[in-house]
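Take a look at the structure below.
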There are 2 protein chains.
Amino acid sequence: MAQENCLQDIELYKKRSLSLKDALELLSGKWKLVVLLHLYHHGTSRFKDLQEGCVSISPKVLSKELQNLEINQLITRTVNNTKPVTVSYAITEHALEIEPVIMALVEFGMKHRVKITAA
Amino acid sequence: MAQENCLQDIELYKKRSLSLKDALELLSGKWKLVVLLHLYHHGTSRFKDLQEGCVSISPKVLSKELQNLEINQLITRTVNNTKPVTVSYAITEHALEIEPVIMALVEFGMKHRVKITAA
DNA sequence: ATACTCACTTTCCTAAAGGTAATCCATAAC
DNA sequence: GTTATGGATTACCTTTAGGAAAGTGAGTAT
């Protein structure tokens with residue numbers, strides 16, 4: 001019985017470890033989560049909004065990240081019928097699953113700042 | 001009143017955005033969170049345990065990540081009086097704050113796998 | 001005709017991440 | 001004396017991330 005629990009625990013660890021690696025690969029880099037945070041806060045946004053909201057991101061990098069997020073079905077891209085043309089980006093339902101990740105990171109970031117500025 | 005709420009929201013976003021960037025910088029890369037997951041599951045571990053647990057990490061990279069985590073006060077390093085010498089790594093109290101991040105990533109990783117294998 | 005806006009794209013470059021393989025050092029066992 | 005172990009370090013190399021700066025192209029306003 002104790003052994004069974006132990007085996008189960010090892011399996012659980014392996015499974016979690018793989019899931020973690022999957023998630024890290026998908027969300028790796030400086031900007032993807034920052035872009036998503038902007039979309040959570042401001043809702044559907046245009047390229048320019050994102051460029052201004054994600055301070056110091058370059059258009060090249062933003063463009064690349066948006067393409068990547070779209071490929072992974074985390075955002076949608078819509079070309080609007082305006083003049084001049086605008087493009088809207090919105091998070092998908094599936095991307096709502098990432099909100100807990102972002103909020104956990106935000107929480108940790110705040111606590112860490114408090115901790116190191118106190119020390 | 002509506003304007004005040006709006007200003008507050010902008011401030012909130014900026015604060016969150018900075019916290020997120022802090023956290024991302026601290027935890028960036030392929031391995032840090034994988035190492036921490038191992039420590040959450042297995043408790044205090046030796047170098048060799050971590051090398052075997054974090055499948056496919058090289059000793060060079062593991063060593064570098066451990067140093068980085070120690071510098072940022074997320075783990076402690078203890079040299080044991082054994083023969084041959086062993087070294088123990090343990091998470092700090094402060095690193096417990098990262099558990100929600102890891103678990104949120106694990107959750108998302110699982111859901112994402114389900115989602116893309118279903119499609 | 002010129003200039004401006006939005007949404008990019010292209011080129012060029014540097015720094016950092018991270019992998020491989022070999023080596024090191026102390027100790028201990030064979 | 002040779003080999004094995006734990007915990008690294010070193011040298012070398014490739015790949016990738018990502019920044020800077022300039023350009024593109026369609027449409028609009030002046």
Side-chain angles (χ1 to χ4, degrees), chain A residues 17 20-39 42-72 74-90 105, chain B residues 17-18 20-39 42-72 74-90:
Chain A
S17 187
L20 179 59
K21 285 180 183 177
D22 284 355
L24 287 176
E25 204 186 325
L26 210 71
L27 304 175
S28 64
K30 275 178 73 171
W31 293 110
K32 286 177 200 84
L33 293 177
V34 174
V35 168
L36 290 175
L37 179 67
H38 186 279
L39 291 172
H42 301 87
T44 302
S45 306
R46 292 178 306 137
F47 192 88
K48 193 122 200 271
D49 300 333
L50 288 165
Q51 212 180 145
E52 280 158 16
C54 303
V55 180
S56 92
I57 196 171
S58 72
K60 180 196 110 175
V61 172
L62 178 56
S63 173
K64 213 192 69 193
E65 297 292 9
L66 290 170
Q67 284 170 29
N68 181 279
L69 290 169
E70 199 194 354
I71 286 169
N72 288 305
L74 300 177
I75 61 170
T76 58
R77 178 178 186 277
T78 314
V79 178
N80 304 119
N81 229 347
T82 54
K83 301 155 190 180
V85 176
T86 55
V87 181
S88 297
Y89 296 92
L105 280 163
Chain B
S17 187
L18 290 176
L20 179 59
K21 286 181 183 177
D22 284 354
L24 287 175
E25 204 186 325
L26 209 70
L27 304 175
S28 64
K30 277 178 72 171
W31 294 110
K32 285 176 201 83
L33 293 178
V34 175
V35 167
L36 290 175
L37 179 67
H38 186 279
L39 290 173
H42 301 88
T44 303
S45 307
R46 292 177 307 136
F47 192 89
K48 194 117 199 274
D49 299 333
L50 288 165
Q51 212 182 143
E52 282 157 17
C54 303
V55 180
S56 91
I57 196 172
S58 72
K60 179 194 112 176
V61 173
L62 178 56
S63 173
K64 214 192 69 195
E65 297 293 8
L66 289 170
Q67 283 170 30
N68 181 280
L69 290 169
E70 199 194 352
I71 285 167
N72 289 304
L74 300 177
I75 60 170
T76 57
R77 179 179 186 274
T78 315
V79 179
N80 305 119
N81 229 346
T82 54
K83 302 156 187 180
V85 175
T86 56
V87 181
S88 298
Y89 296 92

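First the proteins, then the strands, lettered A, B, ... as listed; each starts at 1. What's counted below: heavy atoms across the whole structure, side chains too, no hydrogens, waters or symmetry copies.
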Selection from C:dC8, D:dG18, D:dA8 that lies nearest to any side-chain heavy atom of A:Glu65: D:dG18

So, does A:Lys48 get its side chain near the phosphate of C:dC6, meaning an N or O under 4.0 Å from OP1 or OP2? yes

Counting only side-chain heavy atoms from C-beta out, which of D:dT9, D:dT5, D:dG7 sits nearest to B:Pro84? D:dT5

At under 4.0 Å, does any side-chain N or O of A:Gln67 touch on OP1 or OP2 of C:dC8? no

Testing the basics here: between A:His38 and A:Asp49, what is the closest heavy-atom pair and its distance to 0.1 Å? NE2-O, 3.6 Å

To the nearest angstrom, how far is B:Leu69 atom CG from D:dA8 atom C1'? 16 Å

Counting only heavy atoms not in B:Asn80 (residues, nucleotides, ligands), do more than 12 fall under 6.0 Å from its CG? yes

Could you point out which residue of B:Leu74, B:Ile71, B:Leu50 forms a side chain to side chain contact (heavy atoms under 4.5 Å, CB included) with B:Leu66? B:Leu50

Expressed as a whole number of angstroms, how long is the span from A:Ile57:CD1 to C:dC8:P? 13 Å

At 4.0 Å (heavy atoms only), tell me whether B:Ser58 reaches a base, stays on the sugar-phosphate, or touches nothing. base

Short N-O contact, B:Lys21 and B:Glu25, less than 4.0 angstrom: no

Of the nucleotides D:dG6, C:dA17, C:dC8, which one has an atom closest to the side chain of B:Lys64? C:dA17

Counting only side-chain N and O atoms of A:Thr86, is one of them less than 4.0 Å from OP1 or OP2 of C:dC6? no

Starting from C1' on C:dT20, measure out to CG on B:Leu62 and report it in whole angstrom. 16 Å

A:Ile75 atom CD1 is separated from C:dA7 atom P, nearest whole Å, by 13 Å

When the nearest nucleotide of DNA chain C is assigned to A:Lys60 and to B:Trp31 on a heavy-atom basis, which residue is associated with the more 5' position? A:Lys60

In the structure I gave you, are the side-chain heavy atoms of B:Trp31 and B:Ser58 within less than 4.5 Å of one another anywhere? no

Could you tell me the separation between the CG atom of A:Leu66 and the P atom of D:dG18, rounded to a whole number of Å? 14 Å

Please compare A:Thr82 and A:Val61 by the position of their nearest nucleotide in DNA chain D and report the one closer to 5'. A:Val61

Is there a side-chain contact between A:Lys30 and the phosphate of D:dG19, meaning an N or O under 4.0 Å from OP1 or OP2? yes

side-chain N/O A:Tyr89 vs C:dC8 OP1/OP2, d < 4.0 Å: yes

Strictly below 4.0 Å: does B:Arg77 bring a side-chain N or O up to OP1 or OP2 of D:dA8? yes

